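Only one structure is covered here, and it is reproduced in the block below.
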Amino acid sequence: MQPGLETLDYCFTGTRPAGSFTPVLVGVVGSGNLEVLLEPDAGDACSIHIETSARGFGAIWAAVVRDFHARHALAGVRVSIHDMGATPAVVSLRLDQAAQELQP
């Protein structure tokens, strides 16, 4: 982790197994944007690891990732987010774009 970044971790039990897939990367880390990486993981969890330059927004991040999980309920997925100040709407968009890549 780089100095000045806040790290947040969440874990949900999923009901929609993602199965085997090639890692998915969407977005670009840059001013006001972020990247989302989805990787396969064992078990029925969806773990989300966030590194963000916008410190002190844990409650907003929690709401955004809970909403994502409510929509997708992924299981067997590790999500990594590298954020440089994206708005919640952009975060949701990138998460949804990544999840769409897992559709058959």
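Keep in mind that the numbers below use all heavy atoms, side chains included, and drop hydrogens, waters and symmetry copies. Note that this is a predicted model, so its numbers are computed, not measured.
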query = Got a second to check how far Asn33's CG is from Thr87's OG1, nearest 0.5 Å?
reply = 9.0 Å
ask   = Checking Arg55 side chain against Leu5 main chain: does a donor-acceptor pair fall under 3.5 Å?
value = yes
query = Would you say Val28 and Glu35 make side-chain contact, with heavy atoms under 4.5 Å?
reply = no
remark   = Hits for side-chain hydrogen bond (donor to acceptor under 3.5 Å, both in side chains) against His69, two or more places apart or cross-chain, chain-then-number order -> none
request  = Could you tell me which residues satisfy salt bridge (Lys or Arg N to Asp or Glu O under 4.0 Å) with Glu101, sequence neighbours excluded, listed by chain and number?
outcome  = none
request  = Consider only side-chain heavy atoms of I, L, V, M, F, W and Y, link residues closer than 4.5 Å, and tell whether Leu93 and Leu38 are in one cluster.
outcome  = no
ask   = Shortest non-hydrogen contact from Thr15 to Pro17?
value = O-CD, 3.4 Å
ask   = Heavy-atom distance under 4.5 Å between the side chains of Thr52 and Phe57, does that happen here?
value = no
ask   = From Ile50 CD1 over to His82 NE2, what is the distance, rounded to the nearest 0.5 angstrom?
value = 10.5 Å
task = Could you tell me the separation between the OG1 atom of Thr22 and the CG atom of Leu102, rounded to the nearest 0.5 Å?
result = 10.0 Å
note = Here the gap from Gln100 atom CD to Leu95 atom CG, rounded to the nearest 0.5 Å, amounts to 12.0 Å
note = From the list Thr7, Ile81, Val79, side-chain contact (heavy atoms from CB on, under 4.5 Å) with His49 holds only for Thr7
inquiry  = I need the Phe21 CZ to Glu39 CD distance, nearest 0.5 Å.
reply    = 7.5 Å
ask   = Going only through I, L, V, M, F, W and Y residues with side-chain contacts under 4.5 Å, is there a path from Trp61 to Leu37?
value = no
message = I need the minimum non-hydrogen distance between Val64 and Ser92, along with the two atoms involved.
response = CG1-OG, 3.8 Å
query = Going by the angle between their ring planes, with limits at 30° and 60°, are His72 and Phe68 parallel, tilted or perpendicular?
reply = tilted
task = Answer whether the closest heavy-atom distance between the side chains of Val77 and Asp41 falls below 4.5 Å.
result = no
key: Nearest heavy atoms of Ser53 and Gly85, plus distance in Å   = OG-N, 3.6 Å
query = Could you go step by step and tell me if Ser47 and Asp9 meet the side chain to side chain contact (heavy atoms under 4.5 Å, CB included) rule?
reply = CA-CA 7 Å; Ser47 62; Asp9 289 288; over 6 Å; no
remark   = In short, Pro40 meets Gly19 closest at the heavy-atom pair CB-O, 4.4 Å
ask   = About how many Å separate CD1 of Ile60 and CG of Leu8, when rounded to the nearest 0.5 Å?
value = 11.5 Å
